[in-house]
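Data first, discussion second: the structure below is written as structure tokens.
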Amino acid sequence: MGTPRRHPLRRRAVQLLGVASLAPAVLLTAQAGPARAFGTVSAFGQHAEHEAITRAALACAPGTRSDGTCFEPRSLDQLAGHKGTFGAVGAPDTDEIVVPAAHCDNADFLAASGYPRDRADATRQLLTCIARLQTRFTEGITAAGGTTGADGAIAPGETDLTKDCTFTLGIRGRDKCEAIEGLGRALHGVQDFYSHSNWTDKAADRPLGKDNPPGLDRTGPAPLLALGTGRPPAASAVPADLTTGCFSLLPLGCARHVQHAGLNKDTGVIDPATGATSGPTTPRGKVAGNFDRAVHAAVADTRRQWADFRAALTAKYGKDRAETIGCALTHDTPARDCAPKG
């Protein structure tokens, strides 16, 4: 796959997992225990929720060629993951699992006297997450340029998918893989926002408090997550009652906070073809269709992000080259299918 490189935002997978390379089975073991994001594996109470959301949003209809809005099967495998792999959308759960900004955690707030985090601090935490996702998005746009040569023609060595991409440990890959990684890591945080926040939620029918924060009952895509603009949202655009969950490895680290465990809608069954949901398993997910609403918002925003990604390609590379690049990212045999115009 190439030589190791330093990457400013890829975290310490070697320190976290203690090895230079990991087989999928070892990575799965590292995920054991309570989920802290939409699931990335089909084990430990998870149902590969990130994969299912991404497939429901971006898969081409069976047997059809991509028109640029959807991904053909082998290319989608790299973005969404497939059996035994995490894919680009699952990569943060291999090497950024304890990085709150990668999952939009720790932007918790409750309008109650004595709450340990004020609105301004919660908003700063959320904007840190959004800035990180914008950086990932931009990394993908930059890498995508390498899928074509200076003449605008497809670079076969940079777009070949004979072998799966590698999306962890900061290892440099083919430019198609690097572009898909930037997009996938951004999508992970976007999808987690809906699971980890109260954006689409309704509260349970009991008194509000840190164990039952208010729900905003909104739909996606959230204007806050317009990653393609390259600009942070204004702090004033963050709803006053917006909260995500506090996550800590310390037993009492979030004792006085709205907690991830009580707010998340991480796990349940999602049909990867339609996005239909069933069997939510978390307390908040079981309330008033909250799991279903979070999933449908995540699917809608995943489509929005890919549309914005294509628009950003056009802004950076021009219409004709951007169309060739988009073809290279979505087609399984771009050297055959993606001849440049002109």
Side-chain angles (χ1 to χ4, degrees), residues 5-13 16 36-38 40 50-51 53-54 57-58 71 75-76 78-81 86-107 125-147 165-197 220-222 224-233 244 298 301-313 315-317 325-326 329-330:
R5 65 171 180 171
R6 296 191 179 193
H7 195 294
L9 288 176
R10 290 182 189 167
R11 294 294 179 178
R12 304 178 304 279
L16 289 172
R36 62 147 317 176
F38 271 134
T40 48
H50 276 294
E51 177 184 346
I53 289 167
T54 306
L58 298 178
F71 285 74
S75 298
L76 186 61
Q78 308 311 304
L79 179 60
F86 284 79
V89 76
D93 283 346
T94 69
D95 57 10
E96 296 179 300
I97 195 166
V98 294
V99 180
H103 311 276
C104 287
D105 291 329
N106 294 358
Q125 294 292 330
L126 180 65
L127 296 183
T128 297
C129 169
I130 294 170
R132 188 183 190 88
L133 303 186
Q134 287 176 325
T135 297
R136 293 304 198 188
F137 187 97
T138 301
E139 288 170 356
I141 295 295
T142 300
T147 62
C165 299
T166 299
F167 297 122
T168 194
L169 302 177
I171 298 173
R172 171 73 184 179
R174 292 149 283 174
D175 282 312
K176 177 168 179 171
C177 297
E178 293 291 298
I180 287 174
E181 178 172 0
L183 174 63
R185 286 181 183 265
L187 290 179
H188 184 104
V190 166
Q191 293 170 6
D192 273 359
F193 171 82
Y194 296 104
S195 175
H196 294 181
S197 78
L224 298 172
L225 299 178
L227 305 184
T229 67
R231 301 185 302 274
T244 73
D301 210 342
T302 296
R303 290 178 179 141
R304 186 261 299 260
Q305 299 301 335
W306 173 235
D308 288 354
F309 195 91
R310 300 196 311 274
L313 289 174
K316 184 173 179 66
Y317 299 109
I325 292 170
L329 297 180
T330 57

>> I'd like to check Ile130 versus Pro232 (side-chain heavy atoms, cut-off strictly below 4.5 Å). Are they in contact?
In response: no
> Out of curiosity, Arg310 CZ to Leu183 CG, how far, rounded to the nearest 0.5 Å?
Replying inline: 10.5 Å
> Nearest 0.5 Å, what's the CZ-CD distance between Arg172 and Glu181?
Replying inline: 10.0 Å
>> Set out, in order, the CA-CA distance, both residues' side-chain angles and the distance that settles side chain to side chain donor-acceptor pair (under 3.5 Å) for Thr147 and Asp175, then state yes or no.
In response: CA-CA 6 Å; Thr147 62; Asp175 282 312; over 6 Å; no
> Taking the six-membered ring for Trp, are His103 and His188 parallel (under 30°), tilted (30 to 60°) or perpendicular (over 60°)?
Replying inline: perpendicular
>> Run the side-chain contact (heavy atoms from CB on, under 4.5 Å) test on Leu58 and Leu79 for me, step by step, so that the C-alpha distance in whole Å, both residues' side-chain angles and the decisive distance to 0.1 Å come before the verdict.
In response: CA-CA 10 Å; Leu58 298 178; Leu79 179 60; 3.7 Å; yes
> Which heavy atom of Leu329 sits nearest a heavy atom of Ala179, and at what distance?
Replying inline: CD2-CB, 3.8 Å
>> Nearest 0.5 angstrom please: Arg132 CZ to Leu127 CG, how far?
In response: 15.0 Å
>> Would Gln191 and Thr54 count as a side chain to side chain donor-acceptor pair (under 3.5 Å) here? Give the steps.
In response: CA-CA 9 Å; Gln191 293 170 6; Thr54 306; 3.2 Å; yes
> Does Ala57 have any side chain to side chain contact (heavy atoms under 4.5 Å, CB included) partners at least two apart in sequence or in another chain, and if so, which?
Replying inline: Val299, Thr302, Arg303
>> Donor-acceptor pair, distance only, cut-off 3.5 Å: does the side chain of Glu178 make one with the backbone of Gly173?
In response: yes
>> Quick check: do Leu225 and Pro221 have side-chain heavy atoms less than 4.5 Å from each other?
In response: no
>> To the nearest 0.5 Å, what is the distance between SG on Cys165 and CZ on Arg174?
In response: 5.0 Å
>> Using every non-hydrogen atom in the two residues, find where Thr128 and Ala101 come nearest and quote the distance to one decimal.
In response: CG2-CB, 4.1 Å
>> Can you tell me how far apart CG (Asp308) and OG1 (Thr229) are? Round to the nearest 0.5 Å.
In response: 8.5 Å
> Checking side chain to side chain donor-acceptor pair (under 3.5 Å) for the pair His50/Asp192: CA distance, chi angles, key distance, verdict?
Replying inline: CA-CA 9 Å; His50 276 294; Asp192 273 359; 3.1 Å; yes
> Under the side-chain contact (heavy atoms from CB on, under 4.5 Å) criterion, do Leu224 and Leu126 qualify, and how do the steps go?
Replying inline: CA-CA 10 Å; Leu224 298 172; Leu126 180 65; 4.1 Å; yes
> Between Ala222 and Asp301, which heavy-atom pair has the shortest distance, and what is it?
Replying inline: N-OD2, 3.8 Å
> Under 3.5 Å, is there a donor-acceptor pair between the side chain of Tyr317 and the main chain of Ile141?
Replying inline: yes
>> Just by distance, no angles: are the side chains of Ser75 and Lys176 close enough, under 3.5 Å, to form a donor-acceptor pair?
In response: yes
> Tell me, do Cys177 and Thr166 make a side-chain contact under 4.5 Å, heavy atoms counted?
Replying inline: no
> Any donor and acceptor pair, going by atom type alone, linking the side chain of Gln134 with main-chain N or O of Arg231 inside 3.5 Å?
Replying inline: yes
> If every non-hydrogen atom of Gly145 is compared with every non-hydrogen atom of Ile325, which pair is closest and at what distance?
Replying inline: CA-CD1, 4.1 Å
> Passes side chain to side chain donor-acceptor pair (under 3.5 Å), Thr244 versus Ser197? Steps please.
Replying inline: CA-CA 4 Å; Thr244 73; Ser197 78; over 6 Å; no
>> For Phe309, give me all partners under ring-ring contact (aromatic ring centres under 6.0 Å, His included), at least two apart in sequence or on another chain.
In response: Phe137, Trp306
>> If you compare all heavy atoms of Arg185 against all heavy atoms of Phe167, which two are closest, and at what distance to 0.1 Å?
In response: NH2-O, 2.7 Å
